[in-house]
Peer 1: 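Can you keep this structure in mind? I'll have questions shortly.
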Amino acid sequence: MIWPDSDTLQLGGYISTPKSITLLSTGEKVDFVKDGHRIILKNLPAECPDKHAGIAVFKLEFEEHAKY
């Protein structure tokens, strides 16, 4: 519900590296890097892309079942 002030967002606790991340509402690919157990989403839009609900959902795809 709180969109980041910067263009990055961090997700913690992941052991697996995703093969892709997209914004569910638009299908737009999200740039990311894996740093230890963190996935850092980069170059996010300045405002939340879901204008109706105001909540962004990220779709993380992995080769196998994600480990976290």
Side-chain angles (χ1 to χ4, degrees):
M1 294 181 66
I2 300 171
W3 194 250
D5 291 336
S6 67
D7 67 346
T8 62
L9 179 66
Q10 297 184 30
L11 308 174
Y14 285 88
I15 296 169
S16 302
T17 301
K19 65 179 183 177
S20 72
I21 301 176
T22 56
L23 281 162
L24 192 61
S25 61
T26 64
E28 180 182 350
K29 288 191 177 235
V30 175
D31 295 333
F32 69 93
V33 294
K34 179 88 170 16
D35 182 17
H37 289 177
R38 294 181 298 158
I39 298 171
I40 303 169
L41 309 180
K42 300 171 35 174
N43 304 318
L44 296 175
E47 296 182 6
C48 180
D50 188 328
K51 303 298 181 198
H52 300 289
I55 298 172
V57 177
F58 294 95
K59 179 180 175 183
L60 285 72
E61 292 186 77
F62 296 86
E63 291 290 336
E64 299 177 355
H65 183 72
K67 295 178 183 169
Y68 49 92

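What's counted below: heavy atoms across the whole structure, side chains too, no hydrogens, waters or symmetry copies.
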Peer 1: Return a table of donor-acceptor pairs under 3.5 angstrom between the side chains of residues 53-68 and protein atoms on other chains or two or more places apart.
Peer 2:
from	atom 1	to	atom 2	distance (Å)
E61	OE2	S20	OG	3.3

Peer 1: Salt bridge (charged side-chain N to carboxylate O under 4.0 Å, His left out): which pairs involve residues 47-56, sequence neighbours left out?
Peer 2: E47-K51
Peer 1: What distance separates L9 CG from L44 CG, expressed to the nearest 0.5 Å?
Peer 2: 6.5 Å
Peer 1: Identify every side-chain donor-acceptor pair in residues 26-37 under 3.5 Å, counting partners at least two apart or on other chains, and give the distances.
Peer 2:
from	atom 1	to	atom 2	distance (Å)
T26	OG1	E28	N	3.1
D31	OD2	N43	ND2	2.8
K34	NZ	Y14	O	3.3
K34	NZ	I15	O	3.2
K34	NZ	G36	O	2.6
D35	OD2	R38	NH2	2.4

Peer 1: Who passes side-chain hydrogen bond (donor to acceptor under 3.5 Å, both in side chains) against T22, sequence neighbours left out?
Peer 2: none
